[in-house]
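Below is one structure, written out as structure tokens; the observations come after it.
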There are 2 protein chains.
Amino acid sequence: MNQNTSDPPSRRPTLSQVAKAAGVSEITASRALRGGSAVAKTTRQKVERAAQALNYVPNRLAGTLAGGASRQVAVILPSLSNIVFADVLKGLENRLEDDGYHPILGISHYDATREEHLLHDLLSWRPAGLVLAPTSGSAATRALLQAAELPVVEVMDTDPDAADMAVGFSHRAAGRAMAHYLIGRGYRRMAYIGHDIATDFRALARLDGFKDGLTDAGLSLSDTLILDGPSSVPLGREGLARLLDRTTQWPEAVFFSNDDMAVGGVFHCQTAGLSLPHDIALAGFNGLSIGQALPTPLTTIASNRERIGFVAADLILRRLKGERPPRITQIDFRLVPGSTA
Amino acid sequence: MNQNTSDPPSRRPTLSQVAKAAGVSEITASRALRGGSAVAKTTRQKVERAAQALNYVPNRLAGTLAGGASRQVAVILPSLSNIVFADVLKGLENRLEDDGYHPILGISHYDATREEHLLHDLLSWRPAGLVLAPTSGSAATRALLQAAELPVVEVMDTDPDAADMAVGFSHRAAGRAMAHYLIGRGYRRMAYIGHDIATDFRALARLDGFKDGLTDAGLSLSDTLILDGPSSVPLGREGLARLLDRTTQWPEAVFFSNDDMAVGGVFHCQTAGLSLPHDIALAGFNGLSIGQALPTPLTTIASNRERIGFVAADLILRRLKGERPPRITQIDFRLVPGSTA
DNA sequence: CCAAGTTATGACAGCGCTGTCAATATCGTT
DNA sequence: AACGATATTGACAGCGCTGTCATAACTTGG
């Protein structure tokens, strides 16, 4: 807390130093650098030159505190192990960057307590907006959001009633769509293989929707296998092996919690010499490129994660410009018939 | 710019309001909430209760500006399409979160100009540290880093001389190791299939190392195919198809720029009815789980991206605590013999 | 019971920047 | 040549918080 007279020892240059170097007042320098306001062309050039020369980097903490909007957007995702959320983040970052905004990231690990903690932490940076793929519908979380008075976008799902805005699609509807598709293909005995469902409630919603779809046709799930741990190719492979191993009456079709799992299932079939979809049919969810590159392209449902992220960022930005964008934006999923079911 | 007397209309509660509610001075409230300093137990409780009641969320912009350290770490990665960088980010976030730090993210898209711009932008938030997977060795970038006077960790590579600290491994050595392994297995005619190498200079370093390894044994690359665009499974599949199509004298082994590409190669072989590694041998890089779950586990080199991220964060944090951690930290790669080569 | 040493609290200034409003310079017009 | 309109610049205060130093309250021991 020193430095008011004379040159500071070696600190980063401040606006005041730039102003002095350019021979103008601080506020004029500020305006010159931010563009827009009325500043004579020659003055602006002087200031810009001075800033350049001093290697000036503005201090946005100060700027934001003094009245500006933050240009940081808090982002809370449940995981990064899954490429799905990396895709969302990519879309987000892409759109934000266009307007000079940046995401501050928090990973909740599908843990409601952690999510709440993160929220509190990130909010302390006074972000201009918040994007999250909620892990829980926790009341405490909801209260914090309400109080924060900033644009909030919940991504990936449109089922629960969002506090503010939402972008995504109905996972329940997606599950149901797959059930209908498989039924249409003539399958009747169907099983489900999923990962740690207690935490991933969107996967759970797909399962519920799938069951609904079966019910629509008077059917029900013949078998269900839930494995511990996050979804992965090896886990899906193990899952199918175990499911087929523990019963003599095989299902005709298996719906996996997502493509990673389903690709694992395909690999098991390749290893076990089972022909797809004749011996058994498999279906996934997400439409990852790897599933489509398989010798037997995976039957799946494509979701556009990157677009969801992009739109989420766009909604925040629009709101900050004073617009009133729609509360719910559907980014539709699309059933991709492959050769595995 | 109003609000000094009376109650502000509806703004977020400030420390001063908490203090008033608790009947103490602002600074005492500050100390009570931050813990540590000498504050009577009863006072602390009063303040905590008041904060709770008001739903107080501290303003770290103000806190940092007033003298604290930032607790934000700038992170610049070239891409998020590749799971590799998502892994690094995951490790980073994990370690940072433990100490209440958060990453501010920027994606350079393998573009030096963009990287520089991001650097400037992120630095304006006065982060406590910086982690980047450099895209270029740009002089301008280097200068900015030097001037910024904050802990900097360059991740993924230890080849170039880092400005400050570095965590990772030598991609050149990794490429060479694979060459030696394949030679040891008896292969002589070897080809390389890679993605957009102009931008991904770490992939390029692996290729160079691979060539070095061949040279060590008096061999040289029989064929090289570089495809446009980011690496992906479909691209690898297409690559191998094209390579085998354009020549009658097939290579005995193919080294791919990474596992995604190599898995695509495996899929092509499955489709084309080629037996691995008899008809042709394939090898990748990264040690992704998908490669290991294949019916024919992929021969590859495992890199520990998550750990690299974790260690990078740890280095920053240690430096902030005043320690002097090592400048270069090797996180070794490991050759994983599979059944594809 | 008082001096010396702790422990707890507060006053003050200032971090680096921007919004507001006022002051000055510049210009065209009659 | 004087006047109002417009373009350009600056003074001031304050955003919400914390470091520094000073003061007040409380111990302890002789």
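Quantities reported herein were computed from a predicted structural model and do not represent experimental measurements. So you know, we letter chains A, B, ... as the sequences are listed, proteins then strands, and number each from 1.
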As a check of understanding: the bend across the helix from C:dC1-D:dG30 to C:dT30-D:dA1, end axes from five pairs, rounded to 10 degrees, works out to 40°
Using the side chain to side chain contact (heavy atoms under 4.5 Å, CB included) definition, which of the options A:T158, A:D314, A:V155, A:V167 pairs with A:T329? A:V167
Whether the A:S70 and A:R126 side chains hold a donor-acceptor pair (N or O, under 3.5 Å, no angle test) is what I'd like checked. no
side-chain contact (heavy atoms from CB on, under 4.5 Å) between B:W125 and A:R71, intermediate numbers included: CA-CA 10 Å; B:W125 290 105; A:R71 285 179 180 283; 4.0 Å; yes
Can you name the nearest heavy-atom pair linking A:A162 to A:M165, along with the distance? CB-O, 3.6 Å
Just the rounded figure in Å: distance from P of C:dG10 to CD of B:E26. 11 Å
Between the base of C:dG10 and the side chain of B:R31, is one N or O donor paired with an acceptor at under 3.5 angstrom? yes
Under the criterion side-chain contact (heavy atoms from CB on, under 4.5 Å), I'd like the reasoning laid out for A:V311 against A:R95: C-alpha separation, chi angles, the key distance, then a yes or no. CA-CA 8 Å; A:V311 170; A:R95 179 65 189 87; over 6 Å; no
Would you give the length of the straight line joining atom CD of A:E93 to atom NE2 of A:H102, rounded to the nearest 0.5 angstrom? 7.5 Å
Rounded distance in Å - CG (A:L15) to P (C:dG16): 11 Å
In this structure, are over 12 heavy atoms from other groups packed under 6.0 Å from A:R114 atom CZ? yes
In A:R202, A:E306, A:M156, the residue satisfying side chain to side chain contact (heavy atoms under 4.5 Å, CB included) with A:V84 is A:M156
Nucleotide nearest B:V39 when distance is taken to its side chain, options D:dT9, C:dT9, C:dG19: C:dT9
Which sits closer to the 5' end of DNA chain C, B:G23 or B:A62, going by the nucleotide each is nearest to? B:G23
A:N59 has an atom CG; how far is it from atom C1' of D:dC17, in whole Å? 14 Å
Got more than 12 heavy atoms from elsewhere within 6.0 Å of CD, A:Q52? no
Choosing from C:dC17, D:dT8, D:dT20, which nucleotide comes nearest the side chain of B:I27? D:dT20
With a 4.0 Å cutoff (strictly under), does any side-chain N or O of A:R34 reach OP1 or OP2 of C:dG19? yes
Rounded off to whole Å, could you give me the CG-to-C1' distance for the B:L61 and C:dC17 pair? 12 Å
Does the side chain of A:Y56 get closer than 4.0 angstrom to OP1 or OP2 of C:dC17 through an N or O atom? yes
What's the CG-P distance between B:L33 and D:dT18, to the nearest Å? 9 Å
Of all of residues 119-127 of chain B, which get a heavy atom below 4.0 angstrom from DNA chain C, listed by number? none
Winner on side-chain proximity to A:A40, out of D:dT9, C:dC17, D:dT18, is D:dT9
Any side-chain N or O of A:S30 under 4.0 Å from OP1/OP2 of C:dC17? no
So what does B:T64 touch, heavy atoms closer than 4.0 Å: a base, only the sugar-phosphate, or nothing? nothing
Would you indicate whether A:K321, at its atom NZ, is surrounded by more than 12 heavy atoms from other residues, nucleotides or ligands within a distance under 6.0 Å? yes
With a cut-off of less than 4.0 Å, is there a side-chain N or O of A:S25 near OP1 or OP2 of D:dG10? yes
Reckon A:S16 has a side-chain N or O less than 4.0 Å from the OP1 or OP2 of C:dG16? no
Protein-nucleotide distance (B:K20, atom NZ; D:dG16, atom P), rounded to Å: 12 Å
How many whole angstroms separate atom CG of A:L65 from atom P of C:dC15? 13 Å
